[in-house]
A.B. asks: 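Have a look at the structure that comes next, please.
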Amino acid sequence: KQAGGEDNEDYPDYDNEEEHGLKGGKSGKYERNQDNDANLFEIAEQGEGEQFMATKAWMGAMVAPSEEPNFDPSPPPQKLALEYIYGYRAIDSRNNLFYNSNGHAVYMTAAVGIVLNQENNTQTFFGGQDKENSYQHNDDITALALSPDRTKVATGQVGKVPKIFIWNAETGEYIAQGKQQRNTRCCKAIGWSHDGKFIASLGYDNDHTVHVFNGENAQTVATDRAGSDPMVDLCWSPKDHSFGCAAKRGLTLFQFNGGSLDKSNGLYGSNPRDPMTCVTYGPDGTCYTGSFKGRLFAWSGKSCKGNVQVGKRMINGICATEDKIYVGGDCAIHVLGTNMKEESQINLRADPRAIDVKNGKILVGLRDGSIQEIVDGNSRTIMESHSDGEVWGLDIDPQTGNVITTCDDNKVYVWNPNERKAVASGIINEKAGPKKKIGGASTLSNYPPNQCARSVNINGTNGHVAIGVNNGEVHIRDSVSSLKTIKVLTEPQEWVEVVRYSPDGSMLAVGDHKSTYYVYDVNNNYSLKFRFTKHSAAILAIDWSADSQYIQSNCNAYEILWAQASDGTHLTGGASALRDEKWATHTCKISWPTQGVFPPAASGDFVNGVMRSPDGSLFATGDDQGCVNLFRYPALKGAKCASFKAHSEHVVRVAFSADGARVFSVGGYDRCVMQWRMTE
């Protein structure tokens, strides 16, 4: 699979998927019950949570500092305000990117709707607020549509009872809220009627339930169980209250009659019966559908008027104007006349998933997570993001303040938080290695382990960048600007979740998922100094003392251990001997000052990333409910936090800027890098 190529999330059992280089979707992808997270920190005491609480022996092993700091259990006064998101959902959504009435880009990613001002590169959000705010999405937004006058947005999400929201397309302000029927899993597609009076959405349940909502208050006015045929896109006719749906068996049509829906199927005639992957209407009422096999079909009412082969791969993005049809496929926009003949082609870096045209400008969302704007034939990238698997690797450059991230998409990005854009990028491996074997890092990525990376750290002394790869290698890059590989370490036996340089830059610690961490001599061409083998499970976190003399580490068996950095001697009395030690970083969640970051009865892996603020007054954490949390330091038993919801998946890493004015977070499978501003 090439970067930016298409994969088959919608029809994974289609018999020609291998021919098209396609991959199946995740089984049970929309089965999660996260439709109500009002009580994120009141998790039921059951299963793994009970086991974790019963085996918190590490708490008894903790020793407080000689001069124990004051413990204030109340939430800190500081808050987080979402400042920018590097992300665009492209993997399993289509036709989800539009110009609003002011010409700004409207799209979604994770649990947030975004309005991007392309000229000053600032974003306005629907969502991303305090987790107690119920007027926002609380899970993956999977579909987005703009009203005909381009002033309002409708979005739908994943959930047992998927939420539907209407919000202002310029300010992001809440307008109304509705919901699909229970157990419809997600909103697969959504669209506005030509007069803006109604909104239709498609469920992804076994009956593929169709919903129609009032376009003012989002209240349900009609539903219909469409049957077993999967439908993945919809568009209303510009002439009446009917809409077409792209379905596996072809075009499915619905006529809305005020309180009911009448269903009919498109008639192919002599045309090939392709599965359909997207649908739109031209201003004259002609319906156009893009197919799994790269063909464009034109329809008059129920009847297919003809088709044309546009490309070799499936079509996901399509837009029709008075005299043009813009069709996305094969890493290009094919511009056709209304006679279905191609007039020109705009080559792109990846396959299009969404296309919108306004006043001669073209907005296109690509499968590689980028958004491009094309004006007078000139293209510029207005958004870049990770686009496959999960993003885990996160670090801050101590020299520039830039942010570096790694993911399961064979990409390394360097972001400038002041300019709010990617200033450098690289790849993990040029050549694909063996496919994933049983065990290893769990991922939905289409890339093999040697092109996936989940840890990264920058040497503050010489600028080297260490990247932990999912095949157990560690790549040493010369700098964040060039990202040129200068050394590959091969000692780790499993995928590498943590890499961390010592404060003086002379050593590198590498923790793998086979319960061992390795310490290398940076100044001696990264020769191996020692292996530390005392842990019982995968290494999750490593911290160095401020003087680079000691190491503390956590593993997945909820152990915290200490070692001498010079030779790896296990310090069995470390809890007492190092009780007053100053640590350069604090990322170990199993430790004395982090005892209270776990909600009552939560499992040990509910909290993923932990980071202490530069001034030592706060902890930031990322958790399994998609929240970024702020605690006072120390966070002992009974500590309360301020929590903020924008991610839609596990927040696996958090980091403070050097001045503590910003927090950065990465959201695993939502593939987003989020930039938060600290406020009082």
Side-chain angles (χ1 to χ4, degrees), residues 52 56 58-59 61-62 392-396 406 441 453-458 466-468 474 492 494-503 507-519 531-546 548 550-563 565 568 570-571 574-575 578 581-598 602-613 616 618-624 628-629 631 633-635 650-656 664-666 668:
F52 177 63
K56 279 188 178 177
W58 56 271
M59 281 193 173
M62 296 296 100
W392 283 45
L394 172 67
D395 197 28
I396 313 298
T406 61
R454 294 194 170 179
S455 55
V456 63
N457 193 236
I458 301 169
I467 298 174
V474 178
E494 261 288 359
W495 70 280
V496 176
E497 185 169 340
V498 56
V499 290
R500 191 163 303 281
Y501 282 101
S502 60
M507 291 172 282
L508 170 67
V510 174
D512 71 11
H513 262 239
K514 207 172 183 180
S515 71
T516 300
Y517 71 76
Y518 306 77
V519 174
R531 292 175 172 84
F532 186 83
T533 61
K534 301 300 183 179
H535 275 291
S536 304
I539 309 300
L540 303 182
I542 293 173
D543 293 307
W544 292 84
S545 61
S548 301
Y550 302 102
I551 297 171
Q552 68 175 5
S553 52
N554 281 170
C555 75
N556 209 26
Y558 313 127
E559 297 172 338
I560 180 168
L561 301 181
W562 295 268
H570 179 203
L571 302 176
L578 300 178
E581 192 66 33
K582 304 300 181 184
W583 298 97
T585 59
H586 198 117
T587 62
C588 286
K589 62 183 178 181
I590 306 298
S591 64
W592 181 82
T594 59
Q595 297 172 60
V597 302
F598 298 93
S603 64
D605 58 2
F606 179 84
V607 175
N608 302 304
V610 173
M611 180 66 77
R612 186 192 62 206
S613 63
L618 297 170
F619 271 122
T621 70
D623 67 34
D624 276 2
V628 178
N629 311 296
F631 290 86
Y633 181 97
H650 305 345
V651 179
V652 291
R653 294 290 179 268
V654 290
F656 284 92
F664 301 90
S665 57
V666 292

A.B. asks: Given side chains that start at C-beta, do those of His570 and Trp562 come closer than 4.5 Å, heavy atoms only?
C.D. replies: no
A.B. asks: How long is the straight-line distance from CD of Glu494 back to CG of Asp512, given to the nearest 0.5 Å?
C.D. replies: 7.0 Å
A.B. asks: Between atom NE2 of His650 and atom CG of Asn608, what is the distance when rounded to the nearest 0.5 Å?
C.D. replies: 6.5 Å
A.B. asks: Considering non-hydrogen atoms only, spot the tightest contact between Val666 and Gly393 and give its length.
C.D. replies: CG1-O, 4.5 Å
A.B. asks: Taking Ser502 for its side chain and Met507 for its backbone only, find out whether a donor-acceptor pair lies under 3.5 Å.
C.D. replies: yes
A.B. asks: Taking the side chain as every heavy atom from C-beta outward, state whether Ile542 and Ile551 have any pair of such atoms under 4.5 Å apart.
C.D. replies: yes
A.B. asks: In chain order, what residues pass the salt bridge (Lys or Arg N to Asp or Glu O under 4.0 Å) check against Arg653, with sequence neighbours excluded?
C.D. replies: Glu497
A.B. asks: Between OH of Tyr501 and OG1 of Thr585, what distance do you get to the nearest 0.5 Å?
C.D. replies: 14.5 Å
A.B. asks: Could you tell me whether the side chain of Lys514 reaches within less than 4.5 Å of the side chain of Pro492, counting heavy atoms only?
C.D. replies: no
A.B. asks: A side-chain contact here means heavy atoms from C-beta on lying under 4.5 Å apart; do Leu571 and Leu578 qualify?
C.D. replies: yes
A.B. asks: Taking only residues two or more places apart in sequence, or in another chain, which ones meet Asn457 in a side chain to side chain donor-acceptor pair (under 3.5 Å)?
C.D. replies: Asp395
A.B. asks: Could you list the residues that satisfy side chain to side chain contact (heavy atoms under 4.5 Å, CB included) with Ile396, not counting sequence neighbours?
C.D. replies: Val403, Ala655, Phe664
A.B. asks: Heavy atoms, side chains only, cut-off 4.5 Å: are Val496 and Val474 in contact?
C.D. replies: yes
A.B. asks: If I compare all heavy atoms of Phe532 with all of Ala563, which pair ends up nearest, and what's the gap?
C.D. replies: CE1-CB, 3.6 Å
A.B. asks: Between OG of Ser603 and OH of Tyr558, what distance do you get to the nearest 0.5 Å?
C.D. replies: 6.0 Å
A.B. asks: Please walk me through it: do Asn629 and Asp623 pass side-chain contact (heavy atoms from CB on, under 4.5 Å)?
C.D. replies: CA-CA 8 Å; Asn629 311 296; Asp623 67 34; 3.0 Å; yes
A.B. asks: Between Val510 and Arg500, is a side-chain contact (heavy atoms from CB on, under 4.5 Å) present by the stated rule, with each step listed?
C.D. replies: CA-CA 7 Å; Val510 174; Arg500 191 163 303 281; over 6 Å; no
A.B. asks: Could you give the distance from CZ (Phe598) to CZ (Phe606), rounded to the nearest 0.5 Å?
C.D. replies: 10.5 Å
A.B. asks: Could you walk me through whether Val499 and Ile467 pass the side-chain contact (heavy atoms from CB on, under 4.5 Å) check?
C.D. replies: CA-CA 7 Å; Val499 290; Ile467 298 174; over 6 Å; no
A.B. asks: Could you grab the distance from atom OG of Ser553 to atom CD1 of Ile590, nearest 0.5 Å is fine?
C.D. replies: 12.0 Å
A.B. asks: Val654 and Met611: which non-hydrogen atoms are nearest, and at how many Å?
C.D. replies: O-CB, 3.6 Å
A.B. asks: Within the structure provided, determine whether Ile560 and Asn554 are in side-chain contact (heavy-atom separation under 4.5 Å).
C.D. replies: yes
A.B. asks: State which residues pass ring pair (Phe, Tyr, Trp, His ring centres under 6.0 Å) with Tyr633; sequence neighbours excluded, sorted by chain then number.
C.D. replies: Phe619
A.B. asks: Between Ala635 and Val597, which heavy-atom pair has the shortest distance, and what is it?
C.D. replies: CB-CG1, 3.8 Å
A.B. asks: Using a 4.5 Å cut-off on heavy atoms from C-beta on, say whether the side chain of Arg612 contacts that of Leu618.
C.D. replies: no
A.B. asks: Decide yes or no on side-chain hydrogen bond (donor to acceptor under 3.5 Å, both in side chains) for His535 and Thr516, but give the supporting numbers first.
C.D. replies: CA-CA 7 Å; His535 275 291; Thr516 300; over 6 Å; no
A.B. asks: I need the minimum non-hydrogen distance between Ser536 and Cys555, along with the two atoms involved.
C.D. replies: N-SG, 4.0 Å
A.B. asks: Evaluate the criterion side-chain hydrogen bond (donor to acceptor under 3.5 Å, both in side chains) for residue pair Ser591 and Gln552; output intermediate values, then yes/no.
C.D. replies: CA-CA 9 Å; Ser591 64; Gln552 68 175 5; 5.8 Å; no
A.B. asks: Taking all atoms of both residues into account, what is the closest heavy-atom pair of Ala557 and Ala537, and its distance?
C.D. replies: N-CB, 3.5 Å
A.B. asks: Just to verify, what does Tyr517 make a side chain to side chain donor-acceptor pair (under 3.5 Å) with, not counting sequence neighbours?
C.D. replies: none
A.B. asks: Can Val610 and Thr621 be said to form a side-chain contact (heavy atoms from CB on, under 4.5 Å), step by step?
C.D. replies: CA-CA 5 Å; Val610 173; Thr621 70; 4.1 Å; yes
A.B. asks: May I ask you to test the Leu540-Lys589 pair for a side-chain heavy-atom distance under 4.5 Å?
C.D. replies: yes
A.B. asks: Report the residues that fulfil ring pair (Phe, Tyr, Trp, His ring centres under 6.0 Å) with Trp495, sequence neighbours left out, ordered by chain and then residue number.
C.D. replies: Trp392, His513
